Asker: 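Got a structure for you, questions after.
These figures come from a predicted structure and were not determined experimentally. Counting convention: from 1, in listed order, for ligands and their atoms alike. All values below come from the heavy atoms of this structure, side chains included, with hydrogens, waters and symmetry mates left out.
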Amino acid sequence: MIKFAKNRLIDTHQRPINYLRISITDRCNLRCLYCNPEAKARKLEHREILRYEELLRIIRIGVSMGITKVRVTGGEPLVRKGCCDFLKQIAKIEGIEDLALTTNGVLLKDHIDRIADAGVKRLNISMDTLDPEKYARITGSDVFERVWDGILSAHQKGISPIKINMVVLAGINDEELIDFAKLSLDYPFHFRFIEYMPIGRSIDLNTPPILLPAIKSRIEAIGELIPLQKNIHDGPAARFRFRDSRGEIGFISPVSRHFCAACNRLRVTADGHILSCLLSNITEDIKTPIRAGFLDEALREVFFNATRRKPLQRPVQISPLSQTEQMISIGG
Ligand code: SAM
């Protein structure tokens, strides 16, 4: 018991770290304007990407230090062969209380049975527009219907909650805020509005970004937004609902309102680094020691170092040339 407490990941600002987000690939089947338009990011070579057995070892070590929640992301996680088996292996690790997946939904319908069987309880799906033509413009692929079918198949399979993430892009999809929010009246999904972060390889929108206060006040035109109690799995989202709605509304504001004080996470990048903070360049290489055959104790030290180096707050300026340039290999 005492040993466990000593091995807990608690950063120098007394924030307990219990959440690991793992990007299993930098490959994606979409080319979203705000992430990796025209596939400009350098693709990692196969040998640079962590193997599943390496990732499972990292997760086990994290769990021995207090990690209880794992989210698998990408790139697009479902394009990596063996993703569903990997999810199943994670779910079997004693100490994992919550297993989640972030996907663009393109391959969701094909994989939903195995995802559900693997034990994934929470699903985040990126969908930035309700207009199939605009979807093709934003993502470079004409697959809106497939994504929507995927969402419905996940619902039929009983996955809950299903969170639909819309990155609000000024002049591109912001006139759909109300249509999106209204869907929460009829569907039991969480519709979440994310401030666009002008980072990495995202396009220059040439328009000031629309921040949370403006997003919220536009949605409030539909009706009163009733605040909901946060629960431990909410992360940075502020949650609301309309009276009598089946679903929820969430706001995520990485730009206007930092949620650093409650940060409980570390990220593992596809190329084998532990990232202390999404918007900083602070990383610890875990792939080299793993491949050099280091014992678990040394890998624990890597976790400790990444935790120790977590900044109290994200950098004041989001650097366009920072690590976040590789959002595609970090996974959001
Ligand atoms: N392929 C999966 C997907 O589409 O959800 C997972 C990877 S994607 C990088 C993870 C999340 O990062 C998505 O919800 C996406 O909207 C978000 N994201 C990527 N670039 C962003 C940006 N510039 N600003 C805000 N969110 C961004």
Asker: If you measure from the Lys or Arg side-chain nitrogens to the Asp or Glu carboxylate oxygens, is any gap between Glu53 and Arg57 under 4.0 Å?
Answerer: no
Asker: If we only count N/O pairs under 3.5 Å, is Tyr34 in contact with ligand 1?
Answerer: yes
Asker: For ligand 1 and Glu76, I'd like to know whether there is a polar contact (N/O to N/O, distance under 3.5 Å).
Answerer: yes
Asker: Using a strict cut-off of 4.0 Å, indicate which atoms of ligand 1 neighbour a heavy atom of Gly75.
Answerer: 1 (N), 2 (C), 6 (C), 7 (C)
Asker: I need the full list of salt bridge (charged side-chain N to carboxylate O under 4.0 Å, His left out) pairs touching residues 245-254, with sequence neighbours left out, sorted by first then second residue.
Answerer: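 Counting only pairs at least two positions apart or across chains, the salt bridge (charged side-chain N to carboxylate O under 4.0 Å, His left out) contacts touching residues 245-254 are Arg239-Glu248.
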Asker: Please identify which atoms of ligand 1 are closer than 4.0 Å to at least one heavy atom of Glu195.
Answerer: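 It comes down to these atoms of ligand 1: 25 (C).
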Asker: Counting both backbone and side chain atoms, is some N or O of Met197 under 3.5 Å from an N or O of ligand 1?
Answerer: yes
Asker: Can you tell me which portion of Leu30 lies within the under-4.0 Å heavy-atom range of ligand 1? Options are side chain, backbone, both, or neither.
Answerer: neither
Asker: Report, one line per pair, each donor and acceptor closer than 3.5 Å where one atom sits in a side chain of residues 81-91; sequence neighbours left out.
Answerer:
from  : atom 1 : to     : atom 2 : distance (Å)
Asp85 : OD1    : Arg114 : NH2    : 2.7

Asker: Please work out whether the ring planes of Phe189 and Phe191 are parallel, tilted or perpendicular, with thresholds of 30° and 60°.
Answerer: tilted
Asker: Nearest heavy atom to atom 14 (O) of ligand 1: which of Pro209, Pro254, Cys28, Ser126 does it belong to?
Answerer: Ser126
Asker: Regarding Thr103 and Glu76, is there a side-chain donor-to-acceptor distance under 3.5 Å anywhere?
Answerer: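 The answer is yes; a qualifying pair exists.
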Asker: Show the atoms of ligand 1 that are less than 4.0 angstrom away from any heavy atom in Thr73.
Answerer: 6 (C), 7 (C)
Asker: Among Thr269, Ile59, Thr73, Leu266, exactly one meets side-chain contact (heavy atoms from CB on, under 4.5 Å) together with Ile22. Which residue is that?
Answerer: Ile59
Asker: Test side chain to side chain donor-acceptor pair (under 3.5 Å) on Asp131 and Thr129 and set out the steps.
Answerer: CA-CA 5 Å; Asp131 171 352; Thr129 174; 5.2 Å; no
Asker: Applying a strict 4.0 Å limit to heavy atoms, is Pro198 in contact with ligand 1?
Answerer: no
